[in-house]
Amino acid sequence: MKINRRMLAVFLVGVSMLTAASCKSESVAEGGPGRVDSASPSSVARGELTITGAPSKERQERYGITVPAGATDVSHGFQKESGGGELWVTFKIGPEGRDLFLSSIGISEKDLNSGVVEFTSDDLDLTGWSIGNAQSVKGKMVPAKDDDMKSPSIKVVIDYSGVDVMTVYALSARP
């Protein structure tokens, strides 16, 4: 294949964006291998990327979000803050996996509140999520454990608009 100047320029721009993303985002280095799923110039500049695939097992444990077996379309992101950070994960799953996930964060489906999106506009800006119709979602804020000042608080929203498959959105913050 013959490469012309335009093709080379497009390739170099793509490489420079990926290089900037990998240099500025701890989630690329720590989250393991993965493809940058969404890296707009504004998100690269702020160091906020979403990576295809699950976060590392260590990070899942640290932030209290375990991606269940059988989850599909898994992606995550991470933002480090002084002393702590935020981990966000989204995936699609069936009813059994949903129940397993919810029990891993200490709640059940009956604890979710219908029509409630627990995320603030800042959360949505950070994650890049656009959560659909309030009629198809249930959400809950799971506070940090009272006896453990280093435990994460977790916000979870489940979108039930899919047929037999739900989309789970979870955001965990550690002090």
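Computed from heavy atoms alone, side chains included, the values below leave out hydrogens, waters and symmetry copies. Numbers for residues simply follow the sequence, beginning at 1.
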Practice problem: Give, for atom NZ of K155 and atom OH of Y169, the distance between the pair rounded to the nearest 0.5 Å. | Solution: 16.0 Å
Quiz item: Can you name the side-chain hydrogen bond (donor to acceptor under 3.5 Å, both in side chains) partners of T120, sequence neighbours left out?
Solution: D123
Practice problem: Identify the two heavy atoms, one from T127 and one from T50, that lie closest to each other, and give their separation to 0.1 Å. | Solution: O-OG1, 3.8 Å
Quiz item: R62 and R174: which non-hydrogen atoms are nearest, and at how many Å?
Solution: O-NH1, 2.8 Å
Quiz item: Closest approach of F91 and P68, non-hydrogen atoms and distance?
Solution: CZ-CD, 3.6 Å
Quiz prompt | Separation of L171 CG from L126 CG (nearest 0.5 Å) | solution = 7.0 Å
Self-check item: Between CE on residue M141 and CD1 on residue I154, distance to nearest 0.5 Å
Solution: 9.5 Å
Quiz item: Looking at residues at least two apart in the chain, or sitting in another chain, which of them share a salt bridge (Lys or Arg N to Asp or Glu O under 4.0 Å) with K140?
Solution: none
Exercise. Find the distance between OH (Y63) and OG (S153) and round it off to the nearest 0.5 Å.
Key: 11.0 Å
Self-check item: side-chain hydrogen bond (donor to acceptor under 3.5 Å, both in side chains) partners of T167, counting only residues at least two apart
Solution: K92
Quiz item: Do L100 and V165 belong to the same hydrophobic cluster, where Ile, Leu, Val, Met, Phe, Trp and Tyr are linked whenever their side-chain heavy atoms lie under 4.5 Å apart, directly or via other members?
Solution: no
Self-check item: For the student: nearest non-hydrogen atoms of T66 and F101, plus distance
Solution: O-CD1, 3.3 Å
Exercise. Spell out, as yes or no, whether a donor-acceptor pair under 3.5 Å connects the side chain of D111 to the backbone of S108.
Key: yes
Quiz prompt | Side-chain (S114) to main-chain (K138) donor-acceptor, under 3.5 angstrom | solution = no
Quiz item: Does CD belonging to E96 count more than 12 external heavy atoms closer than 6.0 Å?
Solution: no
Quiz prompt | E81 atom CD, neighbour heavy-atom count above 12 within 6.0 Å | solution = yes
Quiz item: Going by heavy atoms in the side chains, are L102 and V168 under 4.5 Å from each other?
Solution: no
Practice problem: Would you name the heavy atoms of I93 and A69 that are closest together and state the gap between them? | Solution: CD1-O, 3.9 Å
Quiz item: Do M166 and P95 come within less than 4.5 Å of each other through their side chains, counting heavy atoms only?
Solution: yes
Quiz prompt | Side-chain donor/acceptor of S172 to backbone N/O of P152, under 3.5 Å | solution = no
Practice problem: State, to 0.1 Å, how close V89 and W129 come at their nearest heavy-atom pair, and which atoms those are. | Solution: O-CZ2, 3.5 Å
Exercise. Drop me the distance from L112's CG to E118's CD, to the nearest 0.5 angstrom.
Key: 9.5 Å
